[in-house]
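Each remark here refers to the structure printed beneath this line.
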2 protein chains.
Amino acid sequence: MATTAEKGEQVRHRLRRAAVELIAERGWRAVTTRAVAERAGVGQGLVHYHFTSVEALLREAALGLMRAVVEQAAEPMDRAAGADEGMRLLLGALDAHTGTDPASLVFLETYLAAGRDAALGGEVRGIVVAFRERTTRWLERCGTAEPERTAAVLAAAVDGLLLHRGLDPSLTGGSARPVLERLLGGRR
Amino acid sequence: MATTAEKGEQVRHRLRRAAVELIAERGWRAVTTRAVAERAGVGQGLVHYHFTSVEALLREAALGLMRAVVEQAAEPMDRAAGADEGMRLLLGALDAHTGTDPASLVFLETYLAAGRDAALGGEVRGIVVAFRERTTRWLERCGTAEPERTAAVLAAAVDGLLLHRGLDPSLTGGSARPVLERLLGGRR
DNA sequence: GTTCGCCTTGGGCACCCGCCCAATAACGAG
DNA sequence: CTCGTTATTGGGCGGGTGCCCAAGGCGAAC
């Protein structure tokens, strides 16, 4: 059996996971303490015992997921040998998300929530900037012209594809690949 | 003085405008009848007299704004002589929005709300598809390779730039132009 | 076994929600 | 003018909200 401390962390983990699911299903502002608690299988009062507020739980859950997803997408890119392999890895990571799965929707919901909360905005901006800088270094290794601007447009295009894919599932990263590869075509 | 019918339409217009502002400020799910009514300068009960529900008001307000903004962006593009002029017009339309203005935020909020409401989703998809088809025809006139896929990526990139620009205002359409132009580089 | 401290529960409080509705005001038709 | 229609108001109802808190459970230390 797990110790008391382990059980506490396990409950926090289940609350974060329930929060992520509900952000995706109902939208950031429609997540309630009772719904999170019920989905996590705990009493409603536990939410405010483990987290200072619902907003704090949402922040922690969303940012944790975003950092994990970005790391999963960027880590292989860091090791990419060339432009082709990097693009293949990036689009593979994109196709791991359908635009309607919890991870995609939490990303988009959190972007918008960041505009209404300065503290959250700072955290989200940090995640996006860090991803853009990793992409920039990859593009520099590839010899792409204007690597910073290219990375910014590429990152925005990936999120935009996710956004549009939620409406039209036929728009996959794979089908977008021949077009996106043109973005890297410019050499210095 | 305006006639009765004109005053009624004027009130509906003010309610739609107030709804748009509040969607941008607070998010789709956090718009309340009382807040909309107060901002429009009318009693709270009028909202349910002129609209069947709050959700119906939000739908009508958001879709009306989206159709107007898309038309404003796409109409000059239809008359564009070549690739350069079309791209200039498209990015000019993009730079008319900062990513934090009501129009930008209503677009993004409505994309996400569309995923939670099938009827709204159909309307939004129609708007996006129509814009993509107009872009496709422009790209065909330019002789761009794979015009459909290019239009889909371009439309997604524009919305993605809007999304990222809300976090980082330095990311303008103007600065993205030299990169985005590469998307059109492929000829058949 | 006893005690202590963290975990957990569910009810309660004050507040806000969408929507309804009776009362009233404003206005156009005759 | 009168009258009927339309527009408008604000209070009320049932319900849901975040957060608090008194009460108890329960494992660990001794």
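These figures come from a predicted structure and were not determined experimentally. A, B, ... follow the sequence lines: proteins, then strands. Residue 1 opens every chain.
- Residues A:Val129 and A:Trp138 do not share a hydrophobic cluster, defined by chaining ILVMFWY side chains whose heavy atoms lie under 4.5 Å apart.
- Salt bridge status for B:Glu38 with B:Arg34: absent, with no side-chain N to carboxylate O gap under 4.0 Å.
- Among the protein residues, B:Val11 comes within range of the sugar-phosphate backbone only, with heavy atoms under 4.0 Å from sugar or phosphate atoms but none that close to a base.
- Counting heavy-atom neighbours within 6.0 Å of A:Glu75 CD, excluding the residue itself, gives a total above 12.
- Between A:Glu38 atom CD and D:dT17 atom C1' there is a gap of 15 Å when expressed in whole angstrom units.
- No salt bridge links A:Glu123 with A:Arg59; every basic N to acidic carboxylate O contact stays at or beyond 4.0 Å.
- Between A:His50 and C:dT8 there is a side-chain N or O to OP1 or OP2 distance below 4.0 Å.
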Which side-chain N or O atoms in residues 147-163 of chain A pair as donor and acceptor under 3.5 Å with protein atoms at least two apart or in another chain?
| unit_1 | atom_1 | unit_2 | atom_2 | d |
| --- | --- | --- | --- | --- |
| A:Arg149 | NE | B:Ser175 | O | 3.3 |
| A:Arg149 | NH1 | A:Glu146 | OE1 | 3.1 |
| A:Thr150 | OG1 | A:Ala145 | O | 3.2 |
| A:Thr150 | OG1 | A:Glu146 | O | 2.7 |
| A:Thr150 | OG1 | B:Arg182 | NH1 | 3.0 |
| A:Asp159 | OD2 | A:Tyr111 | OH | 2.6 |
| A:Asp159 | OD2 | B:His164 | NE2 | 2.5 |

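- Using a cutoff of 4.0 Å between basic side-chain nitrogens and carboxylate oxygens, B:Glu140 and B:Arg137 are not scored as salt-bridged.
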**Q.** Protein-to-nucleotide contact annotation, 5' to 3' order, nucleotides 9-19 of chain C [B base; S sugar-phosphate only; - none; under 4.0 Å, heavy atom]
**A.** BBBB----SBB

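- Rounded to whole Å, the distance from CZ on B:Phe51 to P on C:dC20 is 15 Å.
- What separates CG of A:Leu22 from C1' of D:dT17 is a distance of 15 Å, to the nearest Å.
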